[in-house]
Student: 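Below is one structure. I have some questions about it.
Ligands are counted one by one from 1 in listed order, and the atoms in each one are counted from 1 as well.
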Amino acid sequence: MEFQSIKGFKDILPGESVIWQQLEAETRKKFSTFGFEEIKTPIVERTELFSRGIGQETDIVSKEMYSFEDSKGRGLTLRPEATASVVRAYIQNRLYQAFPVQKLYSIGPMFRHERPQKGRFRQFHQINAELFGDAGPKSDAEMIVLAVFLLQDLPLGPLTLHLNSLGCPECRPAFKKTLQETLADKRDHLCADCAKRLDFNPLRIFDCKLETCREVVFEAPVIVDFLCGECSAHFHRVQAYLEDCEIDYVLNSKLVRGLDYYNKTTFEIQTEHLGAQNAVGGGGRYDGLVKLLGGPDHPAIGFAMGMERIIALMEMNRTAQAGKPDLFIAAIGEEADRASFVWADRLRKSGFRIEVDYGLHGLKSQMKKADRLGAEKVLIAGDDEMKSGKGILRDMTGKEQIEVDLKTIVPALEDILKNG
Ligand code: HAM
């Protein structure tokens with residue numbers, strides 16, 4: 001009998017693991033510039049940690065947890081997310097005693113019993129970041145800047161940052177009440193889960209994926225109209241910091257996120273290229289969770305990125321890039337061949353895809369190869385060009401040619417290739 005992996009669980013094979021390593025290395029490097037340190041928590045925790053932390057009415061807790069009893073009858077669960085575990089470790093190990101502000105990251109597998117589909121697995125991996133001990137808008141903005149910074153240099157295609165505020169225990173009750181009143185006579189149009197949510201946790205209705213429920217909340221009141229003075233000022237300051245850093249965002253008043261612990265700022269980074277699973281990452285402030293889980297009243301904010309989704313996008317965009325070199329260097333003759341080896345090396349290190357000829361062939365044969373590879377531009381450098389110090393750069397689409405100075409060819413090409 002040949003065993004197969006379990007549905008929704010997949011192997012990361014040798015050819016793929018390289019890209020995972022690159023993503024992890026890039027993540028660790030970038031986290032360290034923001035002063036984050038790694039924390040590794042166990043994969044199994046007491047079930048109650050998650051049911052209390054994430055919220056009983058969330059999909060994660062009510063439907064998706066891998067829970068079981070150990071031989072002593074204790075309820076245990078494979079972690080569906082990292083935040084509750086990191087909060088437990090923060091409290092249990094009194095991490096707040098060392099520094100008032102703690103910045104912790106972790107990378108590892110999570111488990112949710114969801115229906116597997118493109119971008120959705122039952123075992124998946126998250127890059128997770130949490131900042132404890134600061135309640136101000138600057139730490140919200142810093143976490144969002146970090147989330148964007150993590151993704152910005154990866155070939156992921158267009159991403160959109162969605163931003164919302166969920167208010168606080170001061171202002172949310174009035175919103176909840178208005179929402180319940182507004183939706184009361186639409187109860188029959190809601191799914192069975194949302195009809196229950198209407199009584200206990202109406203914000204969760206915004207999170208329902210069913211079209212009928214989405215229609216019901218389409219014109220429902222939104223939380224940002226109910227924010228108290230403090231929450232409103234906080235939210236505006238977060239936006240001002242983001243604007244100062246030239247980070248584009250869209251305000252999305254329906255973004256409630258799938259976990260109950262959030263208050264104030266929430267955010268999600270979304271793509272349009274992974275079908276229904278459009279969130280590459282998301283997070284927000286959760287000032288009440290440390291206390292709720294038995295710790296001191298310390299504020300916190302965090303986010304998590306889905307690694308499978310990031311890697312799927314990297315692969316999609318890498319394939320697109322792989323089909324088309326930015327430049328082919330047609331070097332003819334020994335001297336040009338040696339020089340072009342170094343040019344190619346430098347340009348690749350600047351992130352461009354450069355192709356060369358490997359066999360010291362003639363110009364005609366090299367141009368044919370450049371054409372076959374779909375190179376956008378070709379740099380031609382033969383003996384004559386090396387002597388005069390002037391190479392020829394041909395645009396393969398328009399077929400125009402310009403003369404380029406070979407002495408400063410690397411910065412000149414970096415400029416031309418970057419700006420098209
Ligand atoms: P989340 O939105 O549940 O947040 O998950 C974060 C990311 O994990 C999602 O945006 C998605 O990319 C990825 N993800 C979630 N479920 C799956 C799945 N079944 N398959 C593949 N990828 C998935 C949290 O988990 C919060 N703990 C984030 C946070 C940290 N908030 C504060 N601190």
Student: Under a heavy-atom criterion of less than 4.0 Å, does Gly258 contact ligand 1?
Tutor: no
Student: Atoms of ligand 1 less than 4.0 Å from Gly306 heavy atoms?
Tutor: 7 (C), 8 (O), 12 (O), 13 (C)
Student: Are Arg237 and Tyr241 in a cation-pi setup, meaning NZ or CZ lies under 6.0 angstrom from the ring centre and within 45 degrees of the ring axis?
Tutor: yes
Student: Any Lys/Arg nitrogen of Glu38 or Arg28 sitting under 4.0 Å from an Asp/Glu carboxylate oxygen of the other?
Tutor: yes
Student: Which of the numbered atoms in ligand 1 are below 4.0 angstrom from a heavy atom of Gly281?
Tutor: 10 (O)
Student: What do we get for Tyr261 next to ligand 1 when only non-hydrogen atoms under 4.0 Å count, side chain, backbone, both or neither?
Tutor: side chain
Student: Could you please spell out the steps behind the side chain to side chain donor-acceptor pair (under 3.5 Å) verdict for Gln102 and Tyr90?
Tutor: CA-CA 9 Å; Gln102 281 283 327; Tyr90 173 80; over 6 Å; no
Student: What atoms of ligand 1 come within less than 4.0 Å of a heavy atom belonging to Gly283?
Tutor: 31 (N)
Student: Heavy atom under 4.0 Å from ligand 1: found in Glu268's side chain, backbone, both, or neither?
Tutor: neither
Student: With respect to atom 5 (O) of ligand 1, which of Glu81, Gln126, Met143 exhibits the smallest heavy-atom separation?
Tutor: Gln126
Student: Examine distances only and state if a side-chain atom of Arg172 and a backbone atom of Leu166 form a donor-acceptor pair shorter than 3.5 Å.
Tutor: yes
Student: Test your reading of the structure: does Phe121 have an N or O sitting under 3.5 Å from an N or O of ligand 1?
Tutor: yes
Student: What residues, two or more places apart in sequence or in another chain, satisfy salt bridge (charged side-chain N to carboxylate O under 4.0 Å, His left out) together with Asp326?
Tutor: none
Student: For ligand 1, is there an N or O atom under 3.5 Å from any N or O atom of Asn128?
Tutor: no
Student: Is Arg52 paired with Asp260 through a side-chain N to carboxylate O contact shorter than 4.0 Å?
Tutor: no
Student: Considering only non-hydrogen protein atoms, determine which one is nearest to atom 9 (C) of ligand 1 and report residue, atom name and distance to 0.1 Å.
Tutor: Ala279 O, 4.0 Å
Student: Does the ring of Phe218 carry Lys254 above it, NZ/CZ under 6.0 angstrom from centre and within 45° of its axis?
Tutor: yes
Student: Do ligand 1 and Thr83 have nitrogen or oxygen atoms that lie under 3.5 Å from each other?
Tutor: yes
Student: Out of Asp140, Thr265, Asn263, which one pairs with Arg285 under the side chain to side chain donor-acceptor pair (under 3.5 Å) rule?
Tutor: Asp140
Student: Check for me whether the distance between the ring centres of His298 and Phe132 falls short of 6.0 Å.
Tutor: no
Student: Classify the side-chain pair Tyr261/Thr83 by whether it contains a donor and acceptor separated by less than 3.5 Å.
Tutor: yes
Student: Which bit of Arg257 is near ligand 1, meaning a heavy atom under 4.0 Å away: side chain, backbone, both or neither?
Tutor: side chain
Student: Using modelled atom types only, decide if a donor and an acceptor are shared between the side chain of Arg79 and the backbone of Pro109 within a distance under 3.5 Å.
Tutor: yes
Student: Heavy-atom pairs closer than 4.0 Å: do any link ligand 1 to the side chain of Glu114, the backbone, both, or neither?
Tutor: side chain
Student: Identify the protein heavy atom lying closest to atom 18 (C) of ligand 1, giving its residue, its atom name and the separation to 0.1 Å.
Tutor: Phe124 CD2, 3.4 Å
Student: Which of the numbered atoms in ligand 1 are under 4.0 angstrom from any heavy atom belonging to Tyr286?
Tutor: 32 (C), 33 (N)
Student: Whether Lys349 and Asp345 form a salt bridge (side-chain N of Lys/Arg under 4.0 Å from carboxylate O of Asp/Glu) is what I want to check.
Tutor: yes
Student: What do we get for Met110 next to ligand 1 when only non-hydrogen atoms under 4.0 Å count, side chain, backbone, both or neither?
Tutor: neither
Student: Would you kindly specify which portion of Leu259 sits under 4.0 Å from ligand 1, judged on non-hydrogen atoms: side chain, backbone, both or neither?
Tutor: side chain
Student: Between Phe36 and Tyr105, is the gap from one ring center to the other below 6.0 Å?
Tutor: no
Student: Looking only at distances, can you tell me whether any N or O atom of Val280, backbone or side chain, sits closer than 3.5 Å to an N or O atom of ligand 1?
Tutor: yes
Student: Please report the C-alpha distance between Gln117 and Gln277 in whole Å, then the side-chain angles of each, then the deciding distance to 0.1 Å, and finally whether the side chain to side chain donor-acceptor pair (under 3.5 Å) criterion is met.
Tutor: CA-CA 8 Å; Gln117 54 175 233; Gln277 304 313 311; 2.5 Å; yes
Student: Quick check: does Gly284 get an N/O under 3.5 Å from an N/O on ligand 1?
Tutor: no
Student: Examine the proximity of ligand 1 to Tyr262 and report which part, side chain or backbone, both or neither, has a heavy atom under 4.0 Å away.
Tutor: side chain
Student: At a 4.0 Å cut-off, with the gap strictly under it, does some heavy atom of Gly119 reach an atom of ligand 1?
Tutor: yes
Student: Say whether Arg120 and ligand 1 are in contact under the criterion: heavy-atom distance to a ligand atom below 4.0 Å.
Tutor: yes
Student: Which of the atoms in ligand 1, numbered in the order shown and given with their element, are less than 4.0 Å from a heavy-atom of Glu130?
Tutor: 30 (C), 32 (C), 33 (N)
